[in-house]
Amino acid sequence: MKFTADRLLLFGATGDLSQRMLLPSLCALDADGLLGPDVRIIGTARSPMNDAEFRNFARAALEKFLPADRRGSLASFLNRLSYQGLDATSLEGFDDLAKKVGTPAQGLAIFLSTAPSLFEPTIRGLQHAGLDGPNVRMCLEKPLGTNLDSSCEINDAVSAAFPEERIFRIDHYLGKETVQNLLALRFANILFEPLWNAAHIDHVQITVAETVGLEGRVAFYDDAGALRDMVQNHMLQLLALVAMEPPSNFDATAIRDEKVKVLRSLRQVTQSETVTGQYRAGAISGQAVPGYDDELGKDSDTETFVAIKAHVDNWRWKGVPFYLRTGKRLPKRVTEIVVQFRCVPHSIFADKGAKMTPNRLVIGIQPEENISLSLMAKVPGLDRDGIRLRSVPLDIAMRDAFTGAVRRIAYERLLLDLVEGDQTLFVRRDEVEAQWEWVDRIRALWDAQNLEPKTYTAGSWGPSAAIALAERDGVTWHE
Ligand code: BG6
C-alpha cells in the first residue's frame with residue numbers, strides 16, 4: 001500500500017543516534033519544506049518526560065548537532081514533536097502510546113533505534129496496541145543481531161507483524177550521496193561498464209578508516225568488533241554496489257535482486273585471507289590517544305581492525321580480489337573505493353623506454369566526495385632520449401562540480417524515503433542473511449584457530465600483516 005506517513009514514531013528517541021542524526025535530519029527536512037504540514041513526530045524511550053521536556057531535549061540536540069543555517073524555524077519543527085515514556089518490555093504502556101500517536105490520516109512510520117533485545121517485546125506491544133496495521137511501516141536500525149541465527153530471530157519477530165514490503169532496514173551508508181553516485185558512475189556512463197570485469201580490472205580495494213576509538217560504546221563495541229560492526233553491513237553493501245550486474249531499472253526490487261546475487265557469490269575466505277588487529281596507545285594528528293584495552297578498562301580479544309581478501313565467485317569477477325579493510329584509530333578518516341585496472345595488453349612505447357602505470361579509479365566517499373581517474377599522458381618534450389609517460393589524474397571534486405547543492409546527512413534521505421515508502425536504499429532480508437552467512441564463517445574460522453588480534457599503534461594503518469596481505473599479491477594499499 002502506497003502512502004506518505006504523517007506520523008513518525010521514534011523508539012530510542014533520547015538515544016545517541018536520535019540526538020546526533022535522527023532529530024537533526026528531521027529538522028533539516030522540515031527546514032527545506034520536505035515534511036508535509038501534518039507530519040507529527042512522537043518520541044518514546046524509557047525515561048519519563050513530558051512534551052515540553054522532550055522539545056527542550058530536542059532543541060539542545062539540534063543546537064549541538066545541526067548547523068544553524070540548516071535549522072530553519074526551530075520552533076515550527078519542535079511543535080511537531082511530542083513524547084510518551086514507555087517501558088517496552090511490558091505491554092502496559094503501549095495503549096497510552098497508541099493514544100499519543102492517535103489516528104494518522106495516511107499512515108505511520110515507526111523507527112526502532114533501540115537495543116535489539118527490545119525488538120521482540122516492542123513488536124508484541126505494537127501488535128497489542130493495534131499499531132501494526134496495513135498503513136504502518138517498520139524501520140529497523142542496526143545492529144540486527146550478532147550472527148545469522150540472532151538476525152533470523154529478529155527478522156522472524158518483525159515479519160510476524162509486518163510483511164517485507166513494509167520493513168525498512170537501515171544501512172546508513174546507502175544514504176550517503178557518493179554511495180548512490182557509484183550507481184550513476186557505473187550505469188550512467190558508457191565508459192566504465194564494458195571494462196568493469198575480470199578482463200580489465202586487476203583488483204578492487206575498499207577502505208573504511210576511522211580515527212575515532214570506542215566513543216563510549218564500550219559494551220556494544222566489545223561484543224561486536226570491526227567485522228560485525230562495519231564489514232557485515234557497510235562494507236559488504238559497498239562491495240555489492242561495485243560488483244553487481246546492471247539492474248534493469250532504479251527500483252527497490254531490481255537493485256536488491258542484483259546486490260543479493262553478489263552477496264551470495266562471496267567465496268568463503270581462508271585463514272590467510274584475513275588479518276585482525278587491535279589498537280594500542282599512539283597518536284592521531286599529534287594527539288596522544290589510549291589503547292583499546294585502556295579505554296575498555298580490561299583485556300579483550302575484540303578486533304578493532306580487519307583486513308580481508310575477498311572473492312566474488314562469478315563469471316564477471318573470476319580471479320579479481322576485493323581487498324577490504326576497516327579499523328578504528330587509523331591515521332585519517334577516509335572511506336574510498338579503488339578500482340585498479342589492468343595494464344594495456346601491449347605497450348607500443350616499450351622500446352622507447354616508457355614505463356606504463358595501469359589506470360586507477362578512486363572513488364572518495366568521505367570526508368571528501370571526489371572521483372579521480374588516473375590516465376597515462378606523455379611528458380611534454382622532444383623525446384630525444386626516449387618517450388616519457390606519466391600517470392596524471394582526471395579529478396572531479398563533487399563539491400566544486402555541484403556548488404550550491406546541499407550536503408545532506410545520510411539519514412535525511414533515508415528518513416524521507418521511509419516516510420514516502422521507497423525501499424530502494426534499504427536492505428532486504430535476504431541481503432542481511434547472505435551478509436551474516438559470510439561473516440559467520442569468518443568468525444567460525446577465527447574461533448577455530450583461537451585467533452587473537454595483532455596489535456597496532458593508534459595512528460598507524462593497522463598491523464603490518466594487513467600490508468603483507470596485499471603485498472603478497474603485488475598490491476599496495478592506496479593511502
Ligand atoms: C556505524 C558503526 O554503523 O558506522 C560505527 O557502528 C562507525 O562504529 C560508524 O563509527 C561509521 O559511520 P560514518 O558514517 O561515520 O562513516
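Heads up: numbering here begins at 1 and tracks the sequence. Indexing begins at 1, ligand by ligand and atom by atom, following the structure's order.
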| message | Distance under 4.0 Å to a non-hydrogen atom of Lys142: what atoms of ligand 1 satisfy this? | response | 1 (C), 2 (C), 3 (O), 6 (O)

| remark: atom 15 (O) of ligand 1 has as its nearest protein heavy atom Arg333 NH2, 3.3 Å

| query | Crowded around Arg399 CZ? As in, over 12 foreign heavy atoms under 6.0 Å? | reply | no

| request: For Arg217, take its heavy atoms, then give the atoms of ligand 1 lying under 4.0 Å from any of them. | output: 2 (C), 5 (C), 6 (O), 8 (O)

| said: Please list, in number order, the atoms of ligand 1 under 4.0 Å from a heavy atom of Lys328. | reply: 5 (C), 7 (C), 8 (O), 10 (O)

| query | Under 6.0 Å from the CD atom of Glu452, do we count more than 12 heavy atoms belonging to anything else shown? | reply | no

| message | Can you classify the ring geometry of Tyr173 versus His234 as parallel (below 30°), tilted (30 to 60°) or perpendicular (above 60°)? | response | parallel

| message | Tell me whether ligand 1 is touched by Thr335 - counting only heavy atoms on the residue side and a distance under 4.0 Å. | response | no

| query | What are the atoms of ligand 1, with element, lying closer than 4.0 Å to any heavy atom of Asp229? | reply | 2 (C), 5 (C), 6 (O), 8 (O)

| task | Could you tell me how the ring of Phe168 sits relative to the ring of Phe426: parallel (under 30°), tilted (30 to 60°) or perpendicular (over 60°)? | result | perpendicular

| said: Any atom of ligand 1 sitting under 4.0 Å from a heavy atom of Tyr173? | reply: yes

| task | Answer yes or no: is there an ion pair linking Arg217 with Asp222, defined by an N-O contact shorter than 4.0 Å? | result | no

| task | Determine, stepwise, if the pair Phe220 / Leu214 fulfils side-chain contact (heavy atoms from CB on, under 4.5 Å). | result | CA-CA 9 Å; Phe220 162 75; Leu214 259 180; over 6 Å; no

| note | The atoms of ligand 1 lying under 4.0 Å from a heavy atom of Met230, numbered in the order shown, are 2 (C), 4 (O), 7 (C)

| said: Could you check whether Arg325 makes a cation-pi contact with Trp461, meaning its NZ or CZ is under 6.0 Å from the centre of the six-membered ring and within 45° of the ring axis? | reply: yes

| task | Would you mind listing which atoms of ligand 1 come within a distance below 4.0 Å of any non-hydrogen atom of His234? | result | 1 (C), 3 (O), 4 (O)

| task | Identify the protein heavy atom lying closest to atom 14 (O) of ligand 1, giving its residue, its atom name and the separation to 0.1 Å. | result | Lys176 NZ, 2.6 Å

| query | When you check the gap from the basic side-chain N to the acidic O, do Arg413 and Asp417 get nearer than 4.0 Å? | reply | yes

| Protein contact to atom 9 (C) of ligand 1 [nearest heavy atom, distance to 0.1 Å] | Glu210 OE2, 4.0 Å

| query | Which ligand 1 atoms does Gln366 reach within 4.0 Å, using its non-hydrogen atoms? | reply | 13 (P), 16 (O)

| task | Let me know which of Lys332, Arg333, Lys328 forms a side chain to side chain donor-acceptor pair (under 3.5 Å) with Glu210. | result | Lys328

| Of all the non-hydrogen atoms in the protein, which one sits nearest to atom 12 (O) of ligand 1, and at what distance? | His172 NE2, 3.2 Å

